[in-house]
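Structure first, commentary second.
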Amino acid sequence: MIYKSRDIRWAKIRLMLCSSGWKRAKYLKKKQIFYAMGEDCYYHTRDLPAEPFLVKLHDDVRIAAGVRLITHDIASYMVNKMPEYEQIGKAHYYMGTIEIFDHVMIGANSLILPNTKIGPNVIVAAGSVVTKDVPEGVIVAGVPAKVIGKFDDFAKKRIEKTKCAPEKEDGIDKIIEYYWGENK
């Protein structure tokens with residue numbers, strides 16, 4: 001497992017060079033960057049938390065572009081510079097874990113803050129800020145993230161809505177025709 005700042009910096013550089021989220025996830029798992037990382041994960045963002053050893057990803061976790069996993073804050077440094085708190089003692093560096101369970105999708109540009117767990121079968125909408133634990137089987141959105149729906153309802157609607165849609169493997173011509181064609 002990587003825990004030295006120098007090694008984390010090298011891992012960040014390597015992430016920049018990986019061409020896909022699948023390749024980034026494979027690299028992160030192979031090099032044991034996180035405390036633990038399950039199977040079939042996708043890691044699109046090119047960012048790593050400052051303390052990747054405080055992050056645990058279970059199976060089938062999808063992390064979109066621009067997601068930040070924040071494992072610490074620097075407020076302690078500010079508090080320690082304020083004379084009115086000196087008699088109480090010194091505030092220590094604040095860190096916390098992030099654990100993301102099976103079948104979770106974190107939408108683009110979301111922030112996941114320290115000391116949070118995201119339960120299985122969850123969607124975190126793009127741009128959300130997760131400040132506390134997220135229960136199983138929900139969709140959360142907003143700042144701070146709040147429950148806005150059920151994962152099961154989303155899955156059923158998505159399956160129905162995309163029944164006739166082409167896959168990437170069908171080729172760009174079929175995709176363009178489906179979305180921009182005359183029958184649209």
Side-chain angles (χ1 to χ4, degrees), residues 15 18-30 32-49 52 54-71 96-184:
L15 282 184
C18 288
S19 60
S20 77
W22 298 112
K23 289 180 181 178
R24 281 188 280 285
K26 184 178 178 181
Y27 169 78
L28 293 167
K29 185 172 175 72
K30 179 181 175 185
Q32 298 178 325
I33 303 294
F34 296 128
Y35 177 75
M37 187 170 186
E39 300 299 321
D40 198 31
C41 292
Y42 181 85
Y43 197 83
H44 193 78
T45 190
R46 289 176 169 7
D47 188 57
L48 280 177
L54 293 177
V55 175
K56 185 175 185 179
L57 305 178
H58 291 253
D59 296 334
D60 192 29
V61 172
R62 311 301 164 122
I63 297 181
V67 170
R68 305 271 326 266
L69 303 173
I70 310 295
T71 53
T97 60
I98 296 172
E99 186 169 8
I100 303 173
F101 289 85
D102 298 342
H103 314 296
V104 172
M105 196 275 306
I106 311 290
N109 298 314
S110 292
L111 298 176
I112 313 300
L113 297 184
N115 293 315
T116 54
K117 291 181 180 186
I118 300 176
N121 304 330
V122 166
I123 294 174
V124 177
S128 297
V129 178
V130 176
T131 60
K132 60 184 179 180
D133 291 353
V134 177
E136 178 177 356
V138 298
I139 301 168
V140 296
V143 180
K146 297 197 181 318
V147 175
I148 63 163
K150 294 180 181 178
F151 182 89
D152 188 57
D153 293 342
F154 166 83
K156 289 173 183 173
K157 285 179 189 174
R158 178 59 60 95
I159 290 166
E160 187 59 36
K161 186 174 185 175
T162 60
K163 274 186 180 174
C164 298
E167 298 280 352
K168 276 187 163 183
E169 296 80 26
D170 294 332
I172 194 166
D173 292 335
K174 286 192 178 194
I175 294 170
I176 289 171
E177 177 59 32
Y178 179 82
Y179 288 102
W180 297 104
E182 291 181 25
N183 295 332
K184 202 59 185 155

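Other residues, nucleotides and ligands place no more than 12 heavy atoms under 6.0 Å from the CZ atom of Arg68.
Taking 4.5 Å as the limit, some side-chain heavy atom of Arg62 sits within range of a side-chain heavy atom of Asp40. With contacts defined as side-chain heavy-atom distances shorter than 4.5 Å, the pair Ile118/Ile106 qualifies.
Counting all heavy atoms, side chain and backbone alike, Cys164 lies closest to Tyr178 at O-CE1, 3.7 Å. When every heavy atom of Ile33 is checked against every heavy atom of Pro52, the shortest pair comes out as O-CB, 3.4 Å. The shortest non-hydrogen separation linking Pro49 to Thr71 is CB-CG2, 3.8 Å. Nearest heavy atom pair, residue Phe101 against residue Pro120, reads CB-N, 3.6 Å.
Using a 4.0 Å cut-off between a side-chain N of Lys or Arg and a carboxylate O of Asp or Glu, Lys174 and Glu167 do not qualify as a salt bridge. Taking 4.0 Å as the cut-off between side-chain N and carboxylate O, Asp170 and Lys168 do not count as a salt-bridged pair.
Trp22 and Tyr42 have perpendicular rings, their planes meeting at more than 60° on a 0 to 90° scale where under 30° would count as parallel.
Distance check: Leu57 CG to Tyr43 OH gives 7.5 Å after rounding to the nearest 0.5 Å. The OG atom of Ser20 sits 9.0 Å away from atom NE2 of His44, with the distance rounded to the nearest 0.5 Å. For the atom pair Asp59 CG and Met37 CE, the distance stands at 10.5 Å (nearest 0.5 Å). Remark: Ile112 CD1 to Ile98 CD1 distance equals 7.0 Å, nearest 0.5 Å. Here CD1 of Ile139 is found 7.5 Å from CG of Asp153. Values are rounded to the nearest 0.5 Å.
Among residue pairs with one or both ends in residues 108-135, those qualifying as side-chain hydrogen bond (donor to acceptor under 3.5 Å, both in side chains) are Tyr94-Asn115; sequence neighbours excluded. Residue pairs satisfying the ring pair (Phe, Tyr, Trp, His ring centres under 6.0 Å) criterion with at least one member in residues 132-168, sequence neighbours excluded, are absent.
Partners of His103 according to the ring-ring contact (aromatic ring centres under 6.0 Å, His included) rule, which considers only residues two or more places apart in sequence or in another chain, do not exist here.
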Report task. For Leu48 and Leu28, run side chain to side chain contact (heavy atoms under 4.5 Å, CB included): C-alpha distance rounded to whole Å, both residues' side-chain angles, the deciding distance at 0.1 Å, then the answer. Result -> CA-CA 10 Å; Leu48 280 177; Leu28 293 167; 3.7 Å; yes
Query raised in the report: Is there a side chain to side chain contact (heavy atoms under 4.5 Å, CB included) between His58 and Glu99 once you walk through the steps?
Result: CA-CA 8 Å; His58 291 253; Glu99 186 169 8; 2.6 Å; yes
